[in-house]
Participant: 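The structure's right below; bear with me while I get my questions together.
Bear in mind the structure is a predicted one, so any value in this text is a computation, not a measurement.
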2 protein chains.
Amino acid sequence: MLLRRLERQPHTFGQAGKLTPSDIHTIDAIGLEGTMLMSELASRLGVTKGAITQLIDKLQAKALVTRSPHPQDSRSSIVSLTELGKEAYVAHEAMHLAYYEQLRTQLSEQEIEVFEKSIDILNTVLHDMLNH
Amino acid sequence: MLLRRLERQPHTFGQAGKLTPSDIHTIDAIGLEGTMLMSELASRLGVTKGAITQLIDKLQAKALVTRSPHPQDSRSSIVSLTELGKEAYVAHEAMHLAYYEQLRTQLSEQEIEVFEKSIDILNTVLHDMLNH
DNA sequence: GGATTACGTTTAGTTACTAAACTAAAAATG
DNA sequence: CATTTTTAGTTTAGTAACTAAACGTAATCC
């Protein structure tokens, strides 16, 4: 229920202004890899390519990402972060780290290991769930 | 990312046909308590009362819930599950149990305790997150 | 070199909400 | 007890974040 609510609420990251969860997940994926193709983003985020076009249009309008042509394949476009986009990415990473630290203060090292193992299992369970 | 995707995908529960995540969360809340007021549902699910009116209208049209007048307060309406609604509730509970069992086969009793403790902590962390 | 596949875009439609105005009933005030 | 205020739920119009399907264009595959 909490995650549901969180995943609807925009949040401010650095100078980039308010970003929706979809926005920041997109920026996160790009930032993690450096650059991304539209189709890679679609499969990574689990949405259609049409959705990615719209998302990237929006982020480009906000000057958070840029599209550049692929040198070998002129159908593809390479998406990367602008300086402003990188700032949002870093701010988001910092936030994650802060929450991870908060977890670490309340759990021992062994407990964290168990937690991570549990999350892995949960991950496969949820994956099964998605594929019915 | 997985949870995001799961929380968009409808799923079949018993004879009730396809239910969206919002549908099944609503049914779950009612089933857990037996009956619920509209306003209780709104705060439990973290949405506006307008959203609840629309949700319950939809579930009522599908014959999954009923509205009945509150004996003392004629502004309120008491929402409860029909037999079909209860069937969906039970099917959903069974699904949860099945996934919990799947976790249990892969974790020791102590590990489950640690996992539950971790989830509690994560819960408060996410709660903080929501309140900025 | 023509058919097929893949990349990205466009468009129209859907879903799941919110915000705000509203009705009516209950509770508080004085 | 009359009046103001609060509370419960509904209605309506608008929005965000998608999807599905058709499209244009470029690459790949016998």
Side-chain angles (χ1 to χ4, degrees), chain A residues 1-11 17-27 29-30 35-62 64-80 130, chain B residues 1-11 17-27 29-30 35-62 64-80 130:
Chain A
M1 230 60 248
L2 258 174
L3 282 172
R4 246 178 106 78
R5 259 190 258 185
L6 274 169
E7 281 298 318
R8 283 169 212 285
Q9 200 131 44
H11 194 283
K18 290 223 166 187
L19 298 178
T20 66
S22 295
D23 291 343
I24 199 63
H25 287 141
T26 307
I27 287 172
I30 304 165
T35 63
M36 279 256 170
L37 301 180
M38 301 293 278
S39 49
E40 289 174 338
L41 279 172
S43 76
R44 167 75 79 93
L45 301 179
V47 296
T48 60
K49 48 217 179 101
I52 294 298
T53 298
Q54 295 167 39
L55 252 167
I56 294 298
D57 283 353
K58 190 174 69 163
L59 293 179
Q60 200 168 26
K62 285 189 182 182
L64 295 165
V65 306
T66 51
R67 270 187 261 227
S68 48
H70 189 290
Q72 272 82 49
D73 188 340
S74 60
R75 294 169 305 177
S76 304
S77 47
I78 298 174
V79 184
S80 41
L130 197 61
Chain B
M1 228 62 244
L2 259 175
L3 281 172
R4 245 178 106 78
R5 258 190 259 185
L6 275 169
E7 281 298 319
R8 284 170 211 284
Q9 201 130 46
H11 194 282
K18 290 225 165 185
L19 298 178
T20 67
S22 295
D23 291 343
I24 199 61
H25 286 141
T26 307
I27 286 171
I30 303 166
T35 63
M36 279 256 171
L37 302 181
M38 301 294 279
S39 48
E40 288 174 338
L41 280 172
S43 76
R44 165 77 78 95
L45 302 178
V47 296
T48 60
K49 51 221 175 99
I52 294 298
T53 297
Q54 295 167 40
L55 252 167
I56 294 299
D57 283 352
K58 190 174 69 163
L59 293 178
Q60 200 168 26
K62 287 189 183 180
L64 294 165
V65 306
T66 50
R67 270 186 258 229
S68 50
H70 190 289
Q72 273 82 50
D73 186 340
S74 60
R75 294 169 306 176
S76 304
S77 48
I78 297 173
V79 183
S80 41
L130 198 62

Participant: Side chain of A:Arg8: nearest nucleotide among C:dA16, C:dG8, D:dA20?
Facilitator: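 The answer is C:dA16, which lies nearest to the side chain.
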
Participant: Reckon A:Ser76 has a side-chain N or O less than 4.0 Å from the OP1 or OP2 of C:dA6?
Facilitator: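 Answer is no, no contact under 4.0 Å.
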
Participant: Take A:Leu37 and B:Gln72, find for each the nucleotide of DNA chain C with the closest heavy atom, and name the residue whose nucleotide sits nearer the 5' end.
Facilitator: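 Result: A:Leu37.
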
Participant: Nearest whole Å is fine: how far is D:dA16 C1' from A:Asp23 CG?
Facilitator: 11 Å

Participant: About how many Å separate CD of A:Gln54 and CD1 of A:Ile52, when rounded to the nearest 0.5 Å?
Facilitator: 9.5 Å

Participant: Think B:Ser22 has a side-chain N or O under 4.0 angstrom from the OP1 or OP2 of C:dA16?
Facilitator: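 So the side-chain polar atoms of B:Ser22 never come under 4.0 Å of the phosphate oxygens OP1 or OP2 of C:dA16.
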
Participant: Take atom CE of B:Met36 and atom C1' of D:dG9, then tell me their distance rounded to the nearest Å.
Facilitator: 16 Å

Participant: What integer distance in Å separates B:Asp73:CG from C:dT23:P?
Facilitator: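 Going from CG in B:Asp73 over to P in C:dT23 covers 19 Å.
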
Participant: Under 3.5 Å, which donor-acceptor pairs link side chains of residues 38-45 of chain B to any protein atom two or more places apart or in another chain?
Facilitator:
from: B:Glu40; atom 1: OE1; to: B:Leu37; atom 2: N; distance (Å): 2.9
from: B:Ser43; atom 1: OG; to: B:Glu40; atom 2: O; distance (Å): 3.3
from: B:Arg44; atom 1: NH2; to: B:Glu33; atom 2: OE2; distance (Å): 2.8

Participant: For a quick check of understanding: with a heavy-atom distance under 4.0 Å over all strands, which category does B:Arg5 fall into, base, sugar-phosphate or nothing?
Facilitator: nothing

Participant: To the nearest angstrom, how far is B:Leu19 atom CG from C:dA16 atom P?
Facilitator: 11 Å

Participant: Looking only at side-chain N and O atoms, does A:Lys58 come under 4.0 Å of OP1 or OP2 in D:dA17?
Facilitator: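 Answer yes for this pair, as a side-chain N or O of A:Lys58 is under 4.0 Å from OP1 or OP2.
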
Participant: Between D:dG9 atom C1' and B:Asp57 atom CG, what is the distance in whole Å?
Facilitator: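 So the two atoms are 11 Å apart, to the nearest Å.
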
Participant: Heavy atoms only, 4.0 Å cut-off, all strands: where does B:Ser74 land among base, sugar-phosphate and nothing?
Facilitator: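 Counting heavy atoms under 4.0 Å across all strands, the contact made by B:Ser74 is with sugar-phosphate only.
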
Participant: Any side-chain heavy atom of B:Glu7 sitting closer than 4.5 Å to one from A:Leu3?
Facilitator: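 They are not in contact (no side-chain heavy atoms under 4.5 Å apart), so the answer is no.
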
Participant: When you get a sec, tell me which of C:dG8, D:dT10, D:dA20 is the closest nucleotide to the side chain of B:Arg67?
Facilitator: D:dT10

Participant: Picking from D:dA8, C:dG8, C:dC17, which would you name as closest to the side chain of B:Ala51?
Facilitator: C:dC17

Participant: Once you round it to whole Å, what is the distance between C1' of C:dA6 and CD1 of A:Ile52?
Facilitator: 16 Å

Participant: Grab the CD1-P distance between A:Ile78 and C:dC7 for me, whole Å please.
Facilitator: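 Atom CD1 in A:Ile78 sits about 13 Å away from atom P in C:dC7.
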
Participant: Can a donor-acceptor pair be found between the side chains of B:Asp23 and B:Thr26 at a distance below 3.5 Å?
Facilitator: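 On atom types as modelled, these side chains do not qualify, holding no pair under 3.5 Å.
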
Participant: State, with a plain yes or no, whether a side-chain heavy atom of B:Leu130 is found less than 4.5 Å away from one of A:Arg5.
Facilitator: yes

Participant: Considering every strand and a 4.0 Å limit on heavy-atom distances, what is the contact class for B:Ser39: base, sugar-phosphate, or nothing?
Facilitator: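 Since only primed, P, OP1 and OP2 atoms lie under 4.0 Å of B:Ser39, the category is sugar-phosphate.
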
Participant: Looking at the base of D:dT7, is there any donor atom on it, or on the side chain of B:Arg75, that sits under 3.5 Å from an acceptor on the other one?
Facilitator: yes

Participant: Would you mind telling me which of A:Lys62, A:His11, A:His25 makes a side-chain contact (heavy atoms from CB on, under 4.5 Å) with A:Leu19?
Facilitator: A:Lys62

Participant: Among D:dT19, D:dA8, C:dT18, which nucleotide sits nearest the side chain of B:Lys49?
Facilitator: D:dA8

Participant: Between the base of D:dT19 and the side chain of A:Gln54, is there a donor-acceptor distance below 3.5 Å?
Facilitator: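 Indeed there is one.
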
Participant: Ignoring the backbone of B:Thr53, work out which of C:dT10, D:dG9, D:dC18 is nearest its side chain.
Facilitator: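 When the side chain of B:Thr53 is considered, D:dG9 is the closest of C:dT10, D:dG9, D:dC18.
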
Participant: Whole Å only: how far is the CD atom of A:Gln9 from the P atom of D:dA16?
Facilitator: 15 Å

